There are 2 protein chains.
Amino acid sequence: MHISRATDFENPTTPISSAFIRGNRSKTFQTRKLKAAQTLFREGDAARHIYEVTSGVVRVAKVLEDGRRQVIAFGYPGDIIGFPQDGLYHTECDAISSTEVVAHNIRDLESGEHNPELHQRLVMAALKEIGAMQDHFMMLGRKSASEKTASFLALLMERTGKPVGTYTHFEFPMTRADIADFLGLTVETVSRTITKFRNSKMIVLESSKSVIVLDQDALCNMAA
Amino acid sequence: MHISRATDFENPTTPISSAFIRGNRSKTFQTRKLKAAQTLFREGDAARHIYEVTSGVVRVAKVLEDGRRQVIAFGYPGDIIGFPQDGLYHTECDAISSTEVVAHNIRDLESGEHNPELHQRLVMAALKEIGAMQDHFMMLGRKSASEKTASFLALLMERTGKPVGTYTHFEFPMTRADIADFLGLTVETVSRTITKFRNSKMIVLESSKSVIVLDQDALCNMAA
DNA sequence: CGTAGTTTTGAGTGCGTTCAAGAGATGTGG
DNA sequence: CCACATCTCTTGAACGCACTCAAAACTACG
């Protein structure tokens with residue numbers, strides 16, 4: 001499960017392009033493209049940028065020496081990721097699918113002197129992150145496997161679901177292992193739980209990564 | 001376990017005192033005193049202040065409708081608590097022991113216009129909070145009961161431990177139930193695990209709330 | 001001194017894990 | 001384009017860790 005990866009370390013060996021942003025004073029910002037499975041940053045790297053996902057999905061995680069992994073968050077377009085502490089990243093971040101991010105300078109997170117609007121936006125993002133993590137806590141610490149899995153499906157449905165008749169359709173860009181590491185479960189338990197939801201007609205799988213939710217109420221109730 | 005509590009809701013029925021802070025321009029700030037088990041704020045309350053603990057200990061938690069509880073953090077002196085989202089608190093906060101807090105205006109978290117130094121300090125505190133929560137995640141999702149309990153003891157030892165000869169002494173201000181809800185375990189499991197640590201001569205209990213750590217290395221190794 | 005809450009300990013159970021294997025998907029080189 | 005290797009997902013069987021239920025020991029408080 002994610003053993004050796006092509007040695008693509010921190011620094012911009014990956015393409016960086018500059019572009020102009022419209023506004024009072026035109027400012028430049030950097031975008032960066034990542035292929036699936038490429039690393040954006042690792043735990044312990046010096047934090048020079050804070051990133052805004054503009055397309056694709058990234059995974060933010062922590063890994064123990066013995067390989068145990070905890071996924072902290074999945075970053076979808078609009079999400080800000082890479083909050084540093086003491087100038088370092090304390091998580092690692094990899095692209096799950098082909099991804100594009102905007103790299104903001106870390107100084108705009110720390111002070112509003114240079115770009116007040118961006119600073120404000122980043123501070124708000126930090127508060128939103130704290131709120132999201134608080135919910136995630138409840139799930140990790142106090143919910144059963146079924147409740148965890150249902151919560152996760154409900155979350156993805158809300159964020160990325162598209163109506164299909166009276167039903168709702170969405171996709172998993174991440175693997176079962178990623179979901180398991182997000183929920184604090186094993187791959188097998190995640191798979192079994194999804195099968196259970198399938199058998200109870202709550203959802204249908206078009207493929208292992210494509211879901212149609214048949215009964216939203218049942219799903220939300222199950223999320224507890 | 002924390003059923004009905006004296007009806008002491010949000011607003012300052014509890015004493016608020018004003019004081020002067022030394023600095024270029026003298027500014028006023030509010031301190032607030034809480035007795036053990038008093039509530040500072042509840043989930044859903046309008047967030048007007050962000051608090052800095054100056055003495056005592058508070059508990060920040062989330063509660064599910066069915067009563068399941070997850071403790072997000074314990075606030076010790078120096079800690080900032082009450083990060084809001086969309087103008088509301090999404091957690092509840094109660095004093096564990098007799099506690100004193102300083103109430104900062106929420107606007108100083110959101111912008112630096114009024115008080116730049118304080119704003120900077122609060123933003124840093126938010127980043128520190130995110131970092132602490134990331135570590136807590138790993139513990140909640142991927143560690144065994146022994147590892148969780150050892151991590152918790154190690155954490156408290158680092159923050160509040162005082163050397164006693166070659167050993168280290170500290171106290172639990174919180175109950176076993178609070179610890180259990182912080183670690184995502186039951187009271188019984190926490191109690192049994194601490195007993196196990198006692199039997200293996202890693203720690204000694206002076207009382208159920210007073211610990212001496214005999215073997216710091218063993219404790220830290222156990223924390224994984 | 002009695003009552004209520006906290007902590008500990010015991011016995012038994014069940015949920016999610018581990019270990020194992022097969023089916024399905026994806027990608028690469030000949 | 002197919003054959004082969006690799007990774008992902010699913011399913012089965014058995015185990016064990018932490019949970020539930022129960023009760024006793026200890027502590028604090030009016």
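Predicted model, so just to flag it, every value in this text is computed and none were measured. No hydrogens, no waters, no symmetry mates; every other heavy atom, side chains included, goes into these values. Here is the naming used below: chain letters follow the sequence lines, and residue numbers restart at 1 for every chain.
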Inset, instruction - Let me know, please, whether A:Arg142 or A:Arg176 comes out on the 5' side of the other along DNA chain D by nearest nucleotide. - result: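 Nearer the 5' end of the strand: A:Arg176.
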
Inset, instruction - State whether the number of non-hydrogen atoms from other residues, nucleotides or ligands found under 6.0 Å of A:Tyr76 atom OH is greater than 12. - result: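 Check passes, neighbour count above 12.
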
In whole Å, I'd like the distance from the [atom1] atom of [X] to the [atom2] atom of [N].
X: A:Met174; N: D:dC9; atom1: CE; atom2: P; answer: 11 Å
X: A:Ile194; N: C:dG16; atom1: CD1; atom2: P; answer: 14 Å
X: B:Leu183; N: D:dC19; atom1: CG; atom2: C1'; answer: 15 Å
X: B:Glu188; N: D:dA22; atom1: CD; atom2: C1'; answer: 10 Å
X: B:Lys196; N: C:dT9; atom1: NZ; atom2: C1'; answer: 15 Å
X: B:Arg68; N: D:dC19; atom1: CZ; atom2: C1'; answer: 13 Å
X: A:Lys35; N: C:dT26; atom1: NZ; atom2: P; answer: 20 Å
X: A:Phe172; N: D:dT8; atom1: CZ; atom2: P; answer: 16 Å

Legend entry - 4.5 Å side-chain heavy-atom contact, A:Leu109 and A:His104: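 The answer is no, as the side chains (C-beta and beyond) never meet within the 4.5 Å cut-off.
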
Inset, instruction - For the residue pair B:Val58 and B:Cys93, establish whether any side-chain heavy-atom pair is separated by less than 4.5 Å. - result: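 When only atoms from C-beta onward are counted, B:Cys93 and B:Val58 do touch, with a gap below 4.5 Å.
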
For [N], does OP1 or OP2 lie under 4.0 Å from any side-chain N or O of [X]?
X: A:Arg192; N: C:dG16; result: no
X: A:Thr186; N: C:dG16; result: no
X: B:Thr195; N: C:dT9; result: yes
X: B:Thr175; N: C:dT6; result: no
X: B:Ser191; N: C:dT7; result: no

Inset, instruction - Verify, without hydrogens or angle tests, whether A:Gln70 (side chain) and A:Phe182 (backbone) share a donor-acceptor contact under 3.5 angstrom. - result: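 Looks like yes, one N/O pair under 3.5 Å.
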
Inset, instruction - Choose from C:dT9, D:dC19, D:dT11 the nucleotide whose nearest atom is closest to any side-chain atom of B:Thr189. - result: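 Of C:dT9, D:dC19, D:dT11, D:dC19 is nearest to the side chain of B:Thr189.
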
Inset, instruction - State which residues pass ring pair (Phe, Tyr, Trp, His ring centres under 6.0 Å) with A:Phe197; sequence neighbours excluded, sorted by chain then number. - result: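 Ring pair (Phe, Tyr, Trp, His ring centres under 6.0 Å) list for A:Phe197, sorted by chain: empty.
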
Inset, instruction - Could you list by number each residue of residues 203-215 of chain A showing a heavy-atom separation from DNA chain D of less than 4.0 Å, or answer none if no residue does? - result: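 When residues 203-215 of chain A is checked for heavy atoms under 4.0 Å from DNA chain D, the hits, listed by number, are A:Leu205, A:Ser208, A:Lys209.
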
Legend entry - Touch class at under 4.0 angstrom, heavy-atom based, for B:Leu185 against every strand present: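 Here B:Leu185 touches the backbone only, sparing every base.
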
Inset, instruction - Let me see the working for B:Lys33 and B:Glu100 under salt bridge (charged side-chain N to carboxylate O under 4.0 Å, His left out), right down to the final yes or no. - result: CA-CA 4 Å; B:Lys33 289 177 202 288; B:Glu100 210 168 325; 3.3 Å; yes

Legend entry - Any residue meeting salt bridge (charged side-chain N to carboxylate O under 4.0 Å, His left out) with B:Lys62, in chain and number order, not counting sequence neighbours: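 Checked B:Lys62 against salt bridge (charged side-chain N to carboxylate O under 4.0 Å, His left out); matches are A:Asp135, B:Glu43.
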
